[in-house]
Amino acid sequence: MSETAMGASQKDFESAMSQVKRLKDPGNEVKLKLYALYKQATEGPCNTPKPGVFDLINKAKWDAWNALGSLPKETARQNYVDLVSGLSSSSDSSSQVKPEADRKQSGYETLVVTSEDGITKIMMNRPAKKNAMTMRMYEEIMLALKAASKDDSAITVLTGNGDYYSSGNDLTNFTDIPSGGVEEKAKNSAILLRDFVDCFIDFPKPLIAVVNGPAVGISVTILGLFEVVYASDRATFHTPFSHLGQSPEGCSSYTFPKIMGPAKAAEMLIFGKKLTAAEACAQGLVTEVFPDSTFQKEVWTRLKAYSKLPPNAMRISKQMIRNREKEKLHAVNAEESSTLQERWLSDECMNAIMNFLTRKAKL
Ligand SMILES: CCCCCC/C=C/C(=O)SCCNC(=O)CCNC(=O)[C@H](O)C(C)(C)COP(=O)(O)OP(=O)(O)OC[C@H]1O[C@@H](n2cnc3c(N)ncnc32)[C@H](O)[C@@H]1OP(=O)(O)O
């Protein structure tokens, strides 16, 4: 029997649990429902003594769980996933871009998002930290992509503010350890990584990277999921995974060998060879390189012309190309994320991060 016929899978359930953390506060009534369904799905029918009448919060939680009676675990899991999915889509639609709200969209802490001339531009905005990607930035990029997939722009652009495109994962992400320890941190990070890359795999419109400067780590690997990559001649492309005790992500273990051949991909992904923009272009990762002095002017003139093409035709063509690969890309993403979950717990990785944080090592 397929997973769909059996109801929500464990992966759907875990993904819903991680989505809940990113939702706006849904109110106490919904939180109680989520709590009850979670307990039922993981422990079965209510099995704890009823709290005293003055223990108001625990009594409300107990009542909600107890009210589910003998609801089977699988049904509770499915109901939990459905409830979270309903909450996510209503919070997505509330953040959907309204045409009259063009120009700068507020509410992002790590990004500047603008919508103009048929182009939604998502700009990473931590220039003092070389646009290193914090947990917050991953979540905001996902939100911005979801909004862009529904707004009336024809194309979407990812770029960076300042001298870097992005220095990749913010290495201080690994210092915020939850009560469940490093194992829980690694598990949550792997779920976030998989969700993040899934958003790029599934993005329905043409996606363009405007690489304004050096790019490192995950900001490079996801380029294989873009339709077009324009780079300044100041940009470099570096995936130092072995140096960091880590392994490839962003589907690069599949897209890079396809794009540049297995040997060139191995030089980047295994040996951490840094490519110039010209080399990345010769190897097919970059579409075109522009002199830094005229980069912004030339690229935006080109993109404005593209954004005037019929948007539905562009979207359909993109989806025809992507749909042939989607299932494979999702499988690669899942495998890369779970491999990294293990890597993050290795001594090799922990030492590399400690070295960066104590400034003993830079790329
Ligand atoms: C949910 C988790 C998903 C994880 C997915 C897996 C992703 C993997 C990767 O992306 S691997 C790549 C990780 N990135 C790095 O290893 C880069 C580390 N940074 C550097 O080596 C250097 O900072 C540099 C070469 C990018 C730039 O060097 P330089 O020009 O000398 O500038 P500074 O080092 O002084 O940087 C200025 C300022 O920014 C901070 N910073 C830069 N990059 C990062 C980063 N990746 N993480 C955290 N902080 C970063 C740097 O510490 C400086 O801060 P300060 O001014 O000292 O407060």
Side-chain angles (χ1 to χ4, degrees), residues 3 8-22 42 77 132-139 141-142 166-201 216-225 238-258 262 265-273 327-358 360-361 363:
E3 274 192 342
S9 65
Q10 183 61 23
K11 177 178 170 251
D12 295 334
F13 186 52
E14 282 171 12
S15 185
M17 282 192 277
S18 113
Q19 244 176 305
V20 160
K21 295 183 194 139
R22 301 197 287 271
T42 53
R77 190 162 72 171
M133 297 162 91
T134 55
M135 295 302 197
R136 174 92 185 212
M137 191 188 283
Y138 289 114
E139 284 170 3
I141 291 176
M142 287 193 276
S166 169
S167 61
N169 189 42
D170 189 308
L171 295 172
T172 65
N173 283 339
F174 294 111
T175 57
D176 173 23
I177 305 299
S179 56
V182 285
E183 285 80 9
E184 186 184 328
K185 180 76 195 180
K187 186 175 170 203
N188 292 343
S189 302
I191 292 172
L192 178 61
L193 172 63
R194 196 181 60 199
D195 288 350
F196 177 75
V197 176
D198 275 348
C199 282
F200 285 86
I201 297 172
V216 185
I218 189 165
S219 74
V220 176
T221 56
I222 53 171
L223 293 176
L225 299 170
H238 193 191
T239 50
F241 298 128
S242 300
H243 300 68
L244 293 166
Q246 298 187 34
S247 51
E249 61 341 63
C251 293
S252 58
S253 63
Y254 176 68
T255 57
F256 279 26
K258 269 188 73 164
E267 273 200 305
M268 280 194 84
L269 297 176
I270 303 178
F271 302 118
K273 182 178 180 197
E327 209 177 317
K328 175 74 183 172
L329 290 170
H330 282 300
V332 170
N333 182 26
E335 191 198 338
E336 288 178 346
S337 301
S338 67
T339 304
L340 263 174
Q341 182 176 338
E342 287 169 26
R343 282 278 88 213
W344 287 325
L345 299 173
S346 68
D347 287 346
E348 287 178 346
C349 178
M350 288 190 192
N351 289 338
I353 290 166
M354 283 309 295
N355 281 341
F356 175 77
L357 296 176
T358 53
K360 275 189 258 161
L363 298 173

(request) Could you tell me which non-hydrogen atom of A190 sits nearest to which non-hydrogen atom of Q341, and how far apart they are? (result) CB-OE1, 3.6 Å
(message) Please give me the minimum heavy-atom distance between S179 and E184, naming the atom from each residue.
(response) C-OE1, 4.3 Å
(message) My understanding is that only residues two or more places apart in sequence, or in another chain, count here; which of them pass ring pair (Phe, Tyr, Trp, His ring centres under 6.0 Å) with F241?
(response) none
(request) Determine yes or no for a side-chain-to-main-chain donor-acceptor pair under 3.5 angstrom, with Q246 supplying the side chain and C349 the backbone. (result) no
(request) Look only at the side chain of T239 and the backbone of M268, and say whether a donor-acceptor pair between them is shorter than 3.5 Å. (result) yes
(message) When you measure from the side chain of D198 to the backbone of A334, do you find a donor-acceptor pair of N or O atoms at a distance under 3.5 Å?
(response) no
(request) Classify the ring geometry between F196 and Y138 as parallel (under 30°), tilted (30 to 60°) or perpendicular (over 60°). (result) perpendicular
(message) I need the minimum non-hydrogen distance between S166 and S219, along with the two atoms involved.
(response) O-OG, 3.3 Å
(message) When you compare the side chain of V197 with that of L225, does any pair of heavy atoms fall below 4.5 Å?
(response) yes
(request) Would you indicate whether the side-chain heavy atoms of V220 and H238 approach each other to under 4.5 Å? (result) no
(message) Can you see whether D12 engages S15 through a side-chain donor-acceptor pair at a distance of less than 3.5 angstrom?
(response) no
(request) Decide yes or no for N188 and M135: does some side-chain heavy atom of the first lie under 4.5 Å from some side-chain heavy atom of the second? (result) no
(request) Check the pair I218, L193 against side chain to side chain contact (heavy atoms under 4.5 Å, CB included), reporting the backbone distance first and the verdict last. (result) CA-CA 10 Å; I218 189 165; L193 172 63; 3.5 Å; yes
(request) Check side chain to side chain contact (heavy atoms under 4.5 Å, CB included) between E14 and all other residues, then give those that pass, not counting sequence neighbours. (result) Q10, M17, K187, I191
(message) With heavy-atom distances below 4.5 Å as the criterion, would you say the side chains of I201 and C251 are in contact?
(response) yes
(request) Kindly compute the distance separating CD1 (I141) from CD1 (I222), expressed to the nearest 0.5 Å. (result) 6.5 Å
(request) Over all heavy atoms of both residues, which pair between T221 and S252 is shortest? Give the atoms and the distance, please. (result) CG2-OG, 3.4 Å
(request) Verify, without hydrogens or angle tests, whether K185 (side chain) and F174 (backbone) share a donor-acceptor contact under 3.5 angstrom. (result) no
(request) For the residue pair T255 and L329, establish whether any side-chain heavy-atom pair is separated by less than 4.5 Å. (result) yes
(message) Within this structure, what is the CD-OG distance for the pair E336 and S253, rounded to the nearest 0.5 Å?
(response) 3.5 Å
(message) Using every non-hydrogen atom in the two residues, find where H243 and F271 come nearest and quote the distance to one decimal.
(response) CE1-O, 3.5 Å
(message) Quick check: closest heavy atoms across L244 and A352, and the distance to 0.1 Å?
(response) CA-CB, 3.6 Å
(message) Closer than 3.5 angstrom, by distance alone: can the side chain of S242 be matched with the main-chain N or O of I270 as a donor-acceptor pair?
(response) yes
(request) Starting at CG of N173, measure out to CH2 of W344 and round the result to the nearest 0.5 Å. (result) 9.0 Å
(message) Within the structure provided, determine whether L192 and E139 are in side-chain contact (heavy-atom separation under 4.5 Å).
(response) yes
(message) To the nearest 0.5 Å, what is the distance between CG on D347 and CE on M354?
(response) 12.5 Å
(message) A side-chain contact here means heavy atoms from C-beta on lying under 4.5 Å apart; do E249 and T339 qualify?
(response) no
(request) Evaluate the side-chain proximity of N333 to F200: yes if any heavy-atom separation is below 4.5 Å, no if none is. (result) no
(message) Measuring from atom OG1 of T134 to atom CG of L171, what distance do you get when rounded to the nearest 0.5 angstrom?
(response) 12.0 Å
